[in-house]
Amino acid sequence: MKKFFTLIAAALMAVGVNAQIASYTLDLNKIYEDAVAAKGDCANATLNSGTKYLLNDATITQDVFTVVSKKDRTYRMDVIQTDEDKNILPVKYDDNYTASYRLEPNGSSNTTGGRQMFLEAAGPGTLFIGAWSGTAGRKMFVVSASDKENYCNPADAEYTHEFTSDEAKATDADGNPIIFEVEILSAGIYCITQDAGIYFAYVRFDQTSEGGGEEVKDPTAATVWDFTAELGSADEENLTADTENWKFNDDEGKNYWQNNATLSERNVYTALMANGAELELTSGLEFARDHANGLEADRIRIKPGKFFAINGSKTTIKLGELVKDDVVKLRFRGAGESERELIATNAEVTEGSLTTADVEDHEVTLTVIKNGVVSLTTGNGFQFLAITINDELPEIVEPVEDGISNVQNVVKANATAIFNLAGQQVSKAVKGVYIQNGKKFVVK
């Protein structure tokens with residue numbers, strides 16, 4: 001979806017309305033009135049304090065809009081614009097007057113449930129959002145969604161706006177409501193959400209034509225990431241040289257590379273780099289973590305010839321912009337005995353399961369739901385052996401016990417000898433990466 005943003009006065013919004021196929025408005029007045037009366041979708045609303053109604057476990061649907069409150073989260077309707085006598089002051093949006101209510105969740109966590117409104121667009125059109133932040137720096141997002149589940153604080157939203165100090169109030173300097181305009185280019189589900197409490201007072205969608213459909217694209221080119229292959233010499237050299245960001249952990253036979261520095265801030269995607277170059281092993285993939293510390297130390301582990309590991313939860317691997325019906329295949333295993341789950345975005349499981357409770361190799365086939373970003377998010381630690389797009393998983397090659405394929409066995413047999421990465425003994429080390437006495441070293 002194309003990013004598109006402008007601020008307009010309410011009086012301009014009536015232009016071209018006759019050309020719309022349909023116009024839908026989320027009626028916040030009705031939601032609030034139902035909350036006060038404790039009826040309809042708001043039958044379980046409760047008065048919290050002052051004029052604040054908590055919509056516990058409610059799912060409110062009006063035309064193409066759905067307001068979702070779930071799990072441990074609640075939406076709150078809050079009258080926020082009154083006169084000195086606490087009478088509600090109406091604000092004019094388009095041709096309608098609406099009281100200024102706040103539609104926002106109650107609670108501090110951004111990671112589970114709540115904080116979401118969904119638009120189910122049957123075709124392209126324009127989304128109008130009357131909103132303000134109360135505090136500068138908060139963000140509002142519109143993100144293409146595959147379902148009506150959890151899209152809190154998305155890292156890859158098609159539309160993002162960070163509120164300025166001038167947008168902290170409901171109206172501009174001239175007293176006009178501040179309206180954000182977002183262009184919706186095709187049919188689909190879109191999530192309107194935030195990273196902190198935002199005042200939503202008006203949401204309207206003007207649909208300009210039916211359908212629209214998805215752009216027909218050729219399938220994504222076949223791609224294979226084989227993490228059981230030995231690291232290339234360039235990756236070995238760059239990891240070894242980049243002591244600021246990477247280290248080789250050989251404690252108690254671990255023998256894997258791990259990042260020893262923060263690679264990115266929270267929800268900021270990054271390619272894996274070493275010594276200023278992108279790692280060939282993960283070329284084309286990007287990584288982020290939904291955590292206050294971002295993608296911090298010891299979240300990425302690379303065991304050459306064995307696996308690529310994510311240590312811990314909330315780390316996302318972005319596979320990139322894929323095409324509807326592309327096929328993604330995974331081979332992975334849990335890094336512990338407890339049940340753990342991968343979460344796929346914009347892809348559905350067609351074979352296997354994304355949940356595993358063992359440490360055996362686990363294979364899953366996913367099909368891309370629609371054109372757009374596909375990503376995988378860890379619910380806990382995982383070891384990835386291979387990821388493919390529109391290709392078969394690599395064959396599993398059983399180790400050959402011939403004393404050469406197992407480098408560690410050869411090294412133990414002669415601790416003073418020097419070996420290349422293929423396990424072959426060499427008379428002397430020239431330029432490259434070598435192993436001696438179980439330790440890797442680089443000759444430049």
Side-chain angles (χ1 to χ4, degrees), residues 3 110-111 137 139 141 143-144 151-160 162 193 195 220-221 223-227 229 231-232 234-249 256-304 307-322 328 330 332 335 342-347 372-389:
K3 294 182 181 178
N110 295 339
T111 58
K139 294 179 181 179
F141 309 93
V143 58
S144 179
Y151 291 86
C152 296
N153 196 16
D156 54 355
E158 286 87 344
Y159 170 87
T160 301
E162 182 173 335
T193 185
D195 69 344
T220 303
T223 310
V224 177
W225 290 275
D226 184 359
F227 303 119
L231 284 179
D235 281 355
E236 285 277 1
E237 291 179 15
N238 288 325
L239 286 166
T240 302
D242 193 353
T243 55
E244 180 180 353
N245 295 302
W246 297 91
K247 72 176 182 180
F248 190 76
N249 188 338
Y256 55 67
W257 292 96
Q258 67 183 58
N259 64 307
N260 63 347
T262 298
L263 299 182
S264 70
E265 298 176 358
R266 180 178 188 174
N267 286 330
V268 175
Y269 282 90
T270 180
L272 295 187
M273 310 288 289
N275 201 29
E278 183 176 4
L279 292 179
E280 295 176 356
L281 182 73
T282 56
S283 178
L285 299 174
E286 291 186 309
F287 301 82
R289 188 163 190 248
D290 186 8
H291 186 274
N293 296 329
L295 192 59
E296 76 274 52
D298 196 26
R299 291 297 165 188
I300 304 296
R301 298 175 178 179
I302 303 170
K303 188 160 187 175
F307 57 74
F308 172 87
I310 301 291
N311 178 27
S313 63
K314 299 182 182 178
T315 299
T316 299
I317 306 173
K318 185 192 291 185
L319 305 184
E321 292 270 353
L322 302 188
V328 176
L330 312 172
F332 63 92
L342 276 174
I343 301 169
T345 300
N346 190 28
V373 172
V374 174
S375 59
L376 304 167
T377 301
T378 61
N380 209 319
F382 281 94
Q383 296 174 0
F384 294 90
L385 285 71
I387 302 174
T388 69
I389 300 171

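The analysis underlying the following values was restricted to heavy atoms, covering all of them including side chains, and did not include hydrogens, waters or symmetry mates. Just so you know, these numbers come straight off a predicted model, no measurement behind them.
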Is a side-chain N or O of [X] found less than 3.5 angstrom from the main chain of [Y], in a donor-acceptor match?
{"X": "Asn249", "Y": "Gln258", "value": "no"}
{"X": "Thr282", "Y": "Ala271", "value": "no"}
{"X": "Asp242", "Y": "Asn238", "value": "no"}
{"X": "Glu236", "Y": "Leu231", "value": "no"}
{"X": "Trp225", "Y": "Ser283", "value": "yes"}

How many angstroms lie between [atom1] in [X] and [atom2] in [Y], if you round to the nearest 0.5 Å?
{"X": "Phe332", "Y": "Phe384", "atom1": "CZ", "atom2": "CZ", "value": "7.0 Å"}
{"X": "Leu239", "Y": "Lys247", "atom1": "CG", "atom2": "NZ", "value": "14.0 Å"}
{"X": "Asn267", "Y": "Arg289", "atom1": "CG", "atom2": "CZ", "value": "10.5 Å"}
{"X": "Lys318", "Y": "Leu376", "atom1": "NZ", "atom2": "CG", "value": "12.5 Å"}
{"X": "Asn311", "Y": "Gln383", "atom1": "CG", "atom2": "CD", "value": "10.0 Å"}
{"X": "Ser375", "Y": "Leu342", "atom1": "OG", "atom2": "CG", "value": "10.5 Å"}

(message) Centre-to-centre under 6.0 Å for Phe308 and Phe287, is that the case here?
(response) yes

So, do [X] and [Y] sit near enough that their side-chain heavy atoms are less than 4.5 Å apart?
{"X": "Phe227", "Y": "Ile302", "value": "no"}
{"X": "Asn293", "Y": "Thr262", "value": "no"}
{"X": "Asp290", "Y": "Thr377", "value": "no"}

(message) Is it true that, when you exclude Glu265 itself, more than 12 heavy atoms of the residues, nucleotides or ligands shown sit nearer than 6.0 Å to its CD?
(response) no

(message) A quick test of your reading: do over 12 heavy atoms of other residues, nucleotides or ligands sit less than 6.0 Å from NZ of Lys303?
(response) yes

(message) If the test is side-chain contact (heavy atoms from CB on, under 4.5 Å), which one of Leu295, Thr378, Thr316 qualifies with Ile310?
(response) Thr378

Might you point out which heavy atoms bring [X] and [Y] nearest each other, and give the distance in Å?
{"X": "Ala221", "Y": "Thr223", "value": "O-OG1, 2.9 Å"}
{"X": "Thr243", "Y": "Asn260", "value": "O-ND2, 3.3 Å"}
{"X": "Glu296", "Y": "Asn259", "value": "O-ND2, 2.9 Å"}
{"X": "Leu319", "Y": "Ile389", "value": "O-CD1, 4.4 Å"}
{"X": "Val268", "Y": "Ala288", "value": "O-CB, 3.6 Å"}
{"X": "Ser313", "Y": "Gly379", "value": "CB-O, 3.4 Å"}

(request) Show your reasoning for whether side-chain contact (heavy atoms from CB on, under 4.5 Å) applies to Val143 and Glu158. (result) CA-CA 5 Å; Val143 58; Glu158 286 87 344; 3.6 Å; yes

